[in-house]
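Below you'll find the structure, written out as C-alpha cells, and then a few comments.
Below, chain A is the first sequence line, B the second, and so on; all start at residue 1. For clarity, every value in this text was computed on a predicted model and none was experimentally measured.
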Protein chains: 2
Amino acid sequence: MSEQRTEIADLGEFGLIDHLTKNIELQNASTLVGVGDDAAVIDHFGKQTVITTDLLLEGIHFDLMYTPLKHLGYKSVIVNLSDVYAMNATPTQITLSIGVSNRMSLEALEEFYEGVYVACNKYGVDLVGGDTTTSQKGFVISVTAIGEVTPDTFVKRSTAKKGDLICVSGDLGAAYLGLLFLEREKKIFLETPSVQPDLEQQTHVIGRLLKPEARKDIVEFFAEKQVVPTSMIDVSDGLSSEVLHICKQSNLGCVLYEEKIPIAEDSRLAAFKFELDPTLCALSGGEDYELLFTVAQDDYDKIKDNDQISIIGYMADIEESCHIITKGGAKHKLVAQGWNPIQ
Amino acid sequence: MSEQRTEIADLGEFGLIDHLTKNIELQNASTLVGVGDDAAVIDHFGKQTVITTDLLLEGIHFDLMYTPLKHLGYKSVIVNLSDVYAMNATPTQITLSIGVSNRMSLEALEEFYEGVYVACNKYGVDLVGGDTTTSQKGFVISVTAIGEVTPDTFVKRSTAKKGDLICVSGDLGAAYLGLLFLEREKKIFLETPSVQPDLEQQTHVIGRLLKPEARKDIVEFFAEKQVVPTSMIDVSDGLSSEVLHICKQSNLGCVLYEEKIPIAEDSRLAAFKFELDPTLCALSGGEDYELLFTVAQDDYDKIKDNDQISIIGYMADIEESCHIITKGGAKHKLVAQGWNPIQ
C-alpha cells in the first residue's frame, strides 16, 4: 500500500466518483450508458436479463485485519458473478455502492477499486453505476450484477427431475479452512503481536477464501457441449445447504455419496490440523463459489470427461428425503449444517 | 406498531426471506423469475434496460428516531424509481438488500417491507431479489431499480443544447425544511422529553421528507405529448447541484431566474420560521425528487399548460458560466451549495 494518505472528504462525493471511475473502459456492446448519469442503460435486445445482488458488511462478511483491500474488491465482484453463472447466464454489467468511514483513506479505496477492476476485466464485465456515501462505522459494499442469457436457457433451482445426476465443479471446503487459519493467526497475533504468522503451507485454502473465482469455464463448457443443466445453484453457504435448496424447490429428495465429494488434498491436510472431518468442511463450510447442478442421465457422456466436474449423487423421490451415504456405508440425513444421524 | 416482538434470529436467513417475500405478486410480464433463485430473470426483448442503485445507511441517510419504518421502506424504493424516471424510462423491477442488527424485531422489519410493497404496488414494480444479512450496527438498505425504455428514447444529463429551456417539476426545498423541523423537535425532545412535538402546521414539508413521490406523471406526460427532453436529472442534492451537473456534462452554461423557482407557500412559511431564504432552501436543500430537465424551445407550447412544470431558465454558452438572476435583478454565480456573489 502507498504511504500517502489523502482524505476522502477533500474530494467530495462527486470528485470521489470521478476519481475512482475515470479509467473505466466499457467492454460490452450492450452497455449504452455507464457511470455518470441517473442510471445506466443496457441494450438487451433479443436476450433475457439476469440480475442479482449481494450486500457485504465489515465485521460480518469480511475482516479488514486479514483481508487485503484489493482482494476484497475482487471478491465483492466474484460473489455476484457466481450467482449470474448459476443461472447459466453471462454477466455483462455490475453496479457497485459503497459506504466508507473516514477511517479509510483514498489510497485504501483505490486499492479496493483496483481489485474490482481486475475482476471486471477478467470476466468481461462493465461497471456501470453505483452510489458512494459516508458510513458512520464500517465498510459497506453492495454489488448488483446483470447478465444476459439466450431466451429460455436460464437454469433455476426448482427444475431438477427425479433420477438426475447431482454434480459439482472444482473442490469444496477450502475457503472455510482458509478462514479457520486466518482467524487462528489473528487470535495469536492479538495475544502475542511478536509471533510471525505461519501460513505458507496454506496457500490453497487461504487463496480460495481471499480470492475466489466464479466458474465461467463451466457455463462455457455447457454451451460448448450443448448441455443445459436441469437445475443449478452456486455453493456459497456449503454443499448441504445448497443441495437442500435444490431438493426443496424441486420438491424432491436426493442421495449423495461422501466418497464422491471433491476435496483437495491441501484441504484434507488443513482439516486434519484442526482435527476436523474434511467432508463436514465441504458440507457446511461456505464461500466455495463452485457450481452445484443437476443434469439428466442422458447427458452423462457429455460431462464425464471434464475433470472439473464431479458427480456426487442423484435426485430421488421426495419420500426418500435427502441423504448422504458415508464411506463406511452408513446412511445419514442431510441437514443444512452438515448431517445428522438418522433418528 | 404491533407490541409483539419476534427475534429475527429465530427464523434464520432463509426463513426470514421466505417470510418477508411470501406475498409478492409479480406485476410485469417481463419478470420471468423473481425472488428465490440465484438471480432474477427479466425479459427485455425489444426494450432497453435502465439500472440504478442507492445505498441508505442509518445515521447518514435516515434517523429511526423520527422516521417511521413504513415510510422508510417506501422512500427507499422511491429514491431509486426517481432515478429511473430521470432517464425517461419506466421502472419495472427492484432488488432490495438489507443489513439488520438484532436491535430490530421481525415486526419492525415487516413494517419496513410494508412500505416497500406499497411503493412497488403504486408504481407497478416487482421486487425480484435481494440479500438479507446481519449488521453489527445500524440498518443498511441497498436498492437497485431496473427499468425499460423504448430503444434510444432514454435521456442523459449530457445532451442539453444551448438555448434549451430549463424546467423543473413540482416544488422545491420542502424536504429540507421538513428535515430542519424534525431535527429541531428531536433536539427539544432529547433535552426535555416531556415537551410534545408541535409539527401540525408542517405536514407539507415533513410529508415531502418522509414520504416523497417519484414523478411518474411527468414521464407519462412526456410520452403523451411526444416530448423528449434534451437532458434530465432528478433533484436529490438540491437544484444548484443538479443544474451544475447538466451544465458540466453538457459543456454549457445557464441562466436561472430566482422568481421562477417553484416553492410551495407552506415551504416559504416554514423557511421564515428558521429565518432562512426560501430560494436558498430550494437551491441547496436535497431530497425533493423532482425532475429537472431541458427541452428545445420548439417544445414550449407542449409543456406550457402543465401546472406541474415550471420553466426556470435556459441553457447558455459555456463562456457565460452558470448564473442566477435574483428577484432584485442581481446576477450571482451558481455554486453547488446555492450561490456566491460574483467576484
Side-chain angles (χ1 to χ4, degrees), chain A residues 14 32-33 36-61 82-84 86-87 89 93 95-99 128-138 140 142 144-147 149 151 154 156-158 232-234 245 249 336, chain B residues 14 32-33 36-61 82-84 86-87 89 93 95-99 128-138 140 142 144-147 149 151 154 156-158 232-234 245 249 336:
Chain A
F14 303 122
L32 301 182
V33 177
D37 219 298
D38 298 283
V41 182
I42 301 167
D43 188 352
H44 275 165
F45 200 85
K47 293 269 189 176
Q48 287 169 345
T49 306
V50 165
I51 182 162
T52 180
T53 191
D54 272 299
L55 182 63
L56 305 175
L57 303 180
E58 184 178 346
I60 304 288
H61 301 94
S82 179
D83 280 321
V84 173
M87 299 302 289
Q93 287 90 8
T95 64
L96 167 65
S97 294
I98 49 171
V128 295
D131 191 16
T132 308
T133 183
T134 304
S135 156
Q136 281 184 323
K137 194 183 169 232
V140 176
S142 178
T144 299
I146 318 284
V149 64
F154 59 85
K156 298 170 67 177
R157 299 173 177 176
S158 56
M232 186 151 56
I233 188 170
D234 75 325
H245 277 304
Q249 294 194 27
Chain B
F14 302 121
L32 301 183
V33 177
D37 218 300
D38 297 284
V41 181
I42 301 167
D43 188 353
H44 276 164
F45 200 85
K47 294 266 188 179
Q48 287 169 346
T49 306
V50 165
I51 182 161
T52 180
T53 191
D54 272 299
L55 182 62
L56 305 174
L57 303 180
E58 183 177 347
I60 304 289
H61 301 94
S82 180
D83 280 321
V84 173
M87 300 303 288
Q93 287 90 7
T95 63
L96 167 65
S97 293
I98 50 170
V128 295
D131 191 15
T132 308
T133 183
T134 304
S135 156
Q136 280 185 324
K137 195 182 167 232
V140 175
S142 179
T144 299
I146 318 284
V149 64
F154 59 86
K156 297 170 66 175
R157 299 174 178 176
S158 57
M232 185 149 60
I233 189 171
D234 75 325
H245 276 303
Q249 294 195 25

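- With a 4.5 Å cut-off on non-hydrogen atoms, A:S135 touches chain B through its backbone and its side chain both.
- Two residues are said to be in side-chain contact when any heavy atoms from C-beta on lie closer than 4.5 Å; B:I51 and A:I42 meet this criterion.
- Listed by chain and number, the residues in a ring pair (Phe, Tyr, Trp, His ring centres under 6.0 Å) with A:H245 are B:F14 (sequence neighbours excluded).
- Residues B:L32 and A:F154 form a side-chain contact, since some pair of their non-hydrogen atoms from C-beta on lies under 4.5 Å apart.
- Not counting sequence neighbours, the partners of B:Q48 by the side chain to side chain donor-acceptor pair (under 3.5 Å) test are B:D152.
- The residue among A:V149, A:V128, A:I60 with the most heavy atom pairs within less than 4.5 Å of chain B is A:I60.
- Considering CD of A:Q249 and CG of B:D37, their distance stands at 6.0 Å, rounded to 0.5 Å.
- Contacts of B:E58 with chain A are made by backbone atoms alone, with heavy-atom separations under 4.5 Å and no side-chain atom involved.
- Of the residues considered (A:G46, A:G130, A:A89, A:S142), A:G46 shows the highest number of contacts with chain B, using heavy-atom pairs under 4.5 Å.
- Contacts of B:V41 with chain A are made by both backbone and side-chain atoms, with heavy-atom separations under 4.5 Å.
- In terms of heavy-atom pairs under 4.5 angstrom with chain B, the leader among A:T133, A:L55, A:T52 is A:L55.
- In terms of heavy atoms, B:T53 sits closest to A:S97 at CG2-OG, 3.3 Å.
- Only the backbone of B:K47 comes within less than 4.5 Å of a heavy atom of chain A; no side-chain atom from C-beta onward does.
- If you take OG1 on A:T144 and CD1 on B:I146, they are separated by 7.5 Å, rounding to the nearest 0.5 Å.
- Between A:H44 and B:T49, the shortest heavy-atom contact is ND1-OG1, 3.8 Å.
- Two residues are said to be in side-chain contact when any heavy atoms from C-beta on lie closer than 4.5 Å; B:Q136 and A:L57 fail this criterion.
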